[in-house]
Amino acid sequence: MTENSISIGGDSAPDAGVHALRGRTGAGTPAETRGKTTIADNVVVKIAGMAAREVPGIYNLGAGMARAFGAMRERVPGAGGVTRGVKVEVGERQAAVDLDVVVEYGVSIVAVAGEVRTNVISAVERMTGLEVVEVNIAVDDVHLPDEEEEYEPDEGRVR
């Protein structure tokens, strides 16, 4: 019998990028620990992206061309931009997150970065059970109040 843990890599993981939470087995164990739960890397990416976007002062995620292509991609139904600007590295029990962000002009970048770290760590740990060892933030741009986005995602091509 083993405690809940995440099993990945080598021959133990069924697919690359999918991590399995293994519970204890047997008739005497609680029902919630019996069986296996798998968490794909993309799930962690989406959780981190959503958590970062929730923080006031974050204008967007992604750097330069990634934002431009992402804005075009968002026009396609079903192709959301939640994962743009987010990279993760997931191990057996830990995860590291890298974010590329654009902040609003006038906000304290240090304060916003701290809030992003707190929110991302809280969301990923709460939802996946992984320990987040670091959240690296690269501030790629500052959005100015009079600056218009090159590609507006909610702007239609036909009027």
Side-chain angles (χ1 to χ4, degrees), residues 1-25 29-74 76-104 107-143 149 153-154:
M1 289 193 199
T2 62
E3 291 291 320
N4 283 343
S5 64
I6 298 178
S7 166
I8 65 161
D11 297 329
S12 62
D15 298 311
V18 176
H19 309 282
L21 294 168
R22 295 194 185 276
R24 295 180 287 173
T25 58
T29 60
E32 67 272 11
T33 64
R34 296 183 198 176
K36 176 174 90 172
T37 303
T38 57
I39 301 172
D41 285 1
N42 198 41
V43 171
V44 178
V45 168
K46 286 182 178 182
I47 293 168
M50 289 298 295
R53 283 177 171 80
E54 291 173 351
V55 175
I58 293 294
Y59 176 73
N60 209 341
L61 268 65
M65 290 303 289
R67 281 198 326 270
F69 286 125
M72 289 175 34
R73 232 184 339 228
E74 286 174 0
V76 178
V82 176
T83 61
R84 181 179 359 118
V86 183
K87 294 178 188 165
V88 300
E89 185 178 331
V90 181
E92 289 186 23
R93 289 177 282 279
Q94 298 176 327
V97 180
D98 296 323
L99 300 168
D100 289 316
V101 301
V102 178
V103 297
E104 293 283 357
V107 300
S108 166
I109 294 172
V110 173
V112 169
E115 289 180 43
V116 167
R117 280 189 183 91
T118 300
N119 210 38
V120 168
I121 290 169
S122 175
V124 172
E125 288 183 349
R126 178 177 43 83
M127 294 178 73
T128 67
L130 294 166
E131 175 192 7
V132 179
V133 294
E134 65 183 15
V135 176
N136 299 310
I137 300 171
V139 179
D140 294 313
D141 202 357
V142 174
H143 178 256
E149 192 67 21
D154 55 347

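Looking at every heavy atom in both residues, Gly62 comes nearest to Val102 through O-CG2, 3.9 Å. In terms of heavy atoms, Pro56 sits closest to Val112 at O-CG2, 3.9 Å. In this structure, Val124 and Thr128 approach most closely via the heavy-atom pair O-OG1, 2.5 Å. The heavy-atom pair separating Met50 from Val82 by the smallest distance is CG-CG1, 3.7 Å. Residues Arg84 and Arg53 approach most closely at O-NH2, 3.7 Å, considering heavy atoms.
Around the CD atom of Glu131, the shell of radius 6.0 Å holds more than 12 heavy atoms that belong to other residues, nucleotides or ligands.
Listed by chain and residue number, Val101, Val103, Ile109, Ile137 satisfy the side chain to side chain contact (heavy atoms under 4.5 Å, CB included) test with Val139 (two or more places apart in sequence, or in another chain). In this structure, the side chain to side chain contact (heavy atoms under 4.5 Å, CB included) partners of Ala52, at least two apart in sequence or on a different chain, are Leu61, Leu99, Val116, Val120. When the side-chain hydrogen bond (donor to acceptor under 3.5 Å, both in side chains) test is applied to Glu125, no partner is found at least two apart in sequence or on another chain. Under the side chain to side chain contact (heavy atoms under 4.5 Å, CB included) criterion, Val45 pairs with Asn42, Thr83, Val86, Val88, not counting sequence neighbours. For Ala138, the side chain to side chain contact (heavy atoms under 4.5 Å, CB included) partners at least two apart in sequence or on another chain are Asp100, Asp140. Looking at residues two or more places apart in sequence or on another chain, you find a side-chain hydrogen bond (donor to acceptor under 3.5 Å, both in side chains) between Glu54 and Asn119.
Counting only distance, with no hydrogens or angles, the side chain of Ser122 and the backbone of Thr118 share no donor-acceptor pair below 3.5 Å. Panel note: side chain Arg117, backbone Val135; a donor-acceptor pair is recorded below 3.5 Å.
Atom CG of residue Asp41 and atom CD of residue Glu89 lie 9.5 Å apart, to the nearest 0.5 angstrom. Considering CG of Asn136 and NZ of Lys87, their distance stands at 11.5 Å, rounded to 0.5 Å.
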